[in-house]
Amino acid sequence: MLNGLEAVFFYLFAFVAVGAAFMVISSRNPVHSVLFLILTFFNAAGLFLLAGAEFLAMILLIVYVGAVMVLFLFVIMMLDVDFAEFKSGALQYAPIGALVGLILAAELVVVTGGYVLSPQLGSGAAQPVPDLATRSNTAALGDILYTDYIHFFQMAGIVLLVAMVGAIVLTLRHKQGVKRQNIARQNARTLEEAIEVRKVETGKGI
Amino acid sequence: MDTFFSFYVLPALIILLKSVVLIVVLLIFVAYVLYADRKIWAAVQLRRGPNVVGPWGLFQAFADLFKFVFKEPIIPSGANKGVFLLAPLVSAVLAITAWAVIPVNEGWAVANINVGILYVLAISSLEVYGVIMGGWASNSKYPFLGALRSAAQMVSYEVSIGFVIVTVLLCVGSLNLTDIVLSQQDGLGTRLGLTNSLLDWHWLGLFPMFIIFTISAMAETNRPPFDLVEAESELVAGHMVEYSSTAFLLFFLGEYVAVVLMCALTTILFLGGWLPPLDIAPFTWVPGVIWFVLKVCFVFFIFSMAKAVLPRYRYDQLMRLGWKVFLPISLFMVVATAAFLKLTGFA
């Protein structure tokens, strides 16, 4: 399946991704952690490209690296957390952490070990699958998201909208007595109402 | 051994050669774009601009290059050294990387990929990291403020740029940059009787989006009047305060390469790429590359004039323009364009 250059790049991306992911949890400086997380995303995008999913690779870069991680970095730079103090108490959570890790690993083993192909798969193969050369995966994804499952897509959108409105309502505060700009009023001002010309006599003032 | 050579070594060498030619031509072009920028700015202010190095000051950019390279690099003692040195590299390398998919003529792109426009969008959304990393690693007040400003600014304007691109994609039906240019051979002009002319290009059919894209491109690349990242009257030079010599040069270079990239993107999306303005004899004799470069220069002239003529925006005005003006208009235009294409059967 993997041959020549593809294999070389696969192992390059995979090893750098794993190494960078390890650095995310082991580096002392939180900003370095975020930068390593970005490197991990980059390599994941590279793996997507090798798998032929160019649209997913680009969306991963645009959404996660271009927007989500920027906000992440923003918050971490602004918070002045003393990580030495933070880390000193970390060891007492080690047993619980190890337990969670063990459960997740066991679940992974169960899922991958019990993985079998569906018996109905043979009947599905008779349906024509469009050739990759004639149908780009961007168009195929678009068909699935916006045509086949449009209602689920819209519902997901509404859930996100509700979450966003909720966040805004929770943080929105109208303070009394704060001077605010009213852009429409500012733009509607004319020269006549803004400036008044007066004759001032020398030595008298207004 | 022969197959190894013809399958791997030869294509790799050809790609390498194309990339080197692209980078060399691009950097020389950027050197003169820089010179043009300063000359236009000077002309508006009734000054002469650079006129000492070489005839009419034509070698000014190269003199600046040598000046920067031979100066002493200074790393502040409180700086985070690794990130501090990585930041200008990120900024310059990403800006040049995005050029890999830009077609300057039919088939003249280093990589003609399916998702070209998404690639450019992805890379240009990453350029903010150079600024943030530089601002943070300098361990100083003004660079940090500049970094925070740029993070908010670039994320805000990416949203409207994204929607503008969606309207163009609705009309084209492909994410490939070459397809986007070729689709502009048929449009309003053809229906009015001027086949394959400048009236066919998207700037007319999608007129308000052309303006929004140009202004957003200025904001995205921190060009004046949106250069709040490095507003010298408030932040000295923003994220670049602590940088000197080659590191500063890389920041500077990255910024201008990104600006020229945005000009090229405007050309491809709205001004018909390498297509001649009229499909008659003297215009069709000129090679496509020349048209492409001329259009890029035209868009850059607009950028340059905006820098010379307009005062800097205030930060709250910038945010208001991005979120309360451009976002609703572009969102509405996406819906309107989709409805128009569906109802009239253009798509």
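None of these values were measured; they are calculated from a predicted model. All chains are named by letter (A, B, ...) in the order of the sequence lines, taking the proteins before the strands, and each is independently numbered beginning at 1.
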Find the one option among Val128(B), Val159(B), Val155(B), Ile132(B) whose heavy-atom pairs under 4.5 Å with chain A are most numerous.
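The residue among Val128(B), Val159(B), Val155(B), Ile132(B) with the greatest pair count is Ile132(B).
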Sorted by number, residues from residues 330-338 of chain B in contact with chain A (heavy atoms, under 4.5 Å):
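If one takes a 4.5 Å heavy-atom cut-off, no residue of residues 330-338 of chain B lies near chain A.
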May I ask you to name which of Val70(A), Val63(A), Leu73(A), Ile59(A) has the most heavy-atom pairs under 4.5 Å with chain B?
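Between Val70(A), Val63(A), Leu73(A), Ile59(A), the count favours Val70(A).
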Heavy-atom pair count under 4.5 Å with chain B, highest-scoring of Ala45(A), Ala67(A), Gly66(A):
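Of Ala45(A), Ala67(A), Gly66(A), Gly66(A) has the most heavy-atom pairs under 4.5 Å with chain B.
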Quick check: closest heavy atoms across [X] and [Y], and the distance to 0.1 Å?
X	Y	result
Thr40(A)	Ala21(A)	OG1-N, 3.5 Å
Leu37(A)	Val24(A)	N-CG2, 3.4 Å
Phe84(B)	Glu242(B)	CZ-O, 3.7 Å

Ring centers of Phe251(B), His239(B) separated by less than 6.0 Å
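Here the rings of His239(B) and Phe251(B) have centres that are less than 6.0 Å from each other.
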Interchain contact, Leu118(B) with chain A, by part (heavy-atom threshold 4.5 Å):
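Interface part for Leu118(B): both.
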Name the region of Glu127(B), side chain, backbone, both or neither, that has any atom closer than 4.5 Å to a heavy atom of chain A.
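The answer is neither part of Glu127(B).
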Pick one of side chain, backbone, both or neither for Leu35(A), based on which atoms fall under 4.5 Å of a heavy atom in chain B.
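Looking at Leu35(A), just its side chain touches chain B.
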Would you mind checking which part of Ile38(A) comes under 4.5 Å of any heavy atom in chain B, side chain (CB onward), backbone (N, CA, C, O), both or neither?
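Only the side chain of Ile38(A) comes within 4.5 Å of chain B.
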Ignoring hydrogens and geometry, is there a side-chain-to-backbone donor-acceptor pair from [X] to [Y] under 3.5 Å?
X	Y	answer
Gln154(A)	His151(A)	no
Glu54(A)	Thr138(A)	no
Asp179(B)	Leu175(B)	no

Report, as yes or no, whether the 6.0 Å neighbourhood of atom OH on Tyr313(B) holds more than 12 heavy atoms from other residues, nucleotides or ligands.
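No - once you tally the heavy atoms of other residues, nucleotides and ligands closer than 6.0 Å, there are 12 at most.
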Partners passing side-chain contact (heavy atoms from CB on, under 4.5 Å) against Val75(A) (at least two apart in sequence or in another chain):
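Residues passing side-chain contact (heavy atoms from CB on, under 4.5 Å) with Val75(A): Leu79(A).
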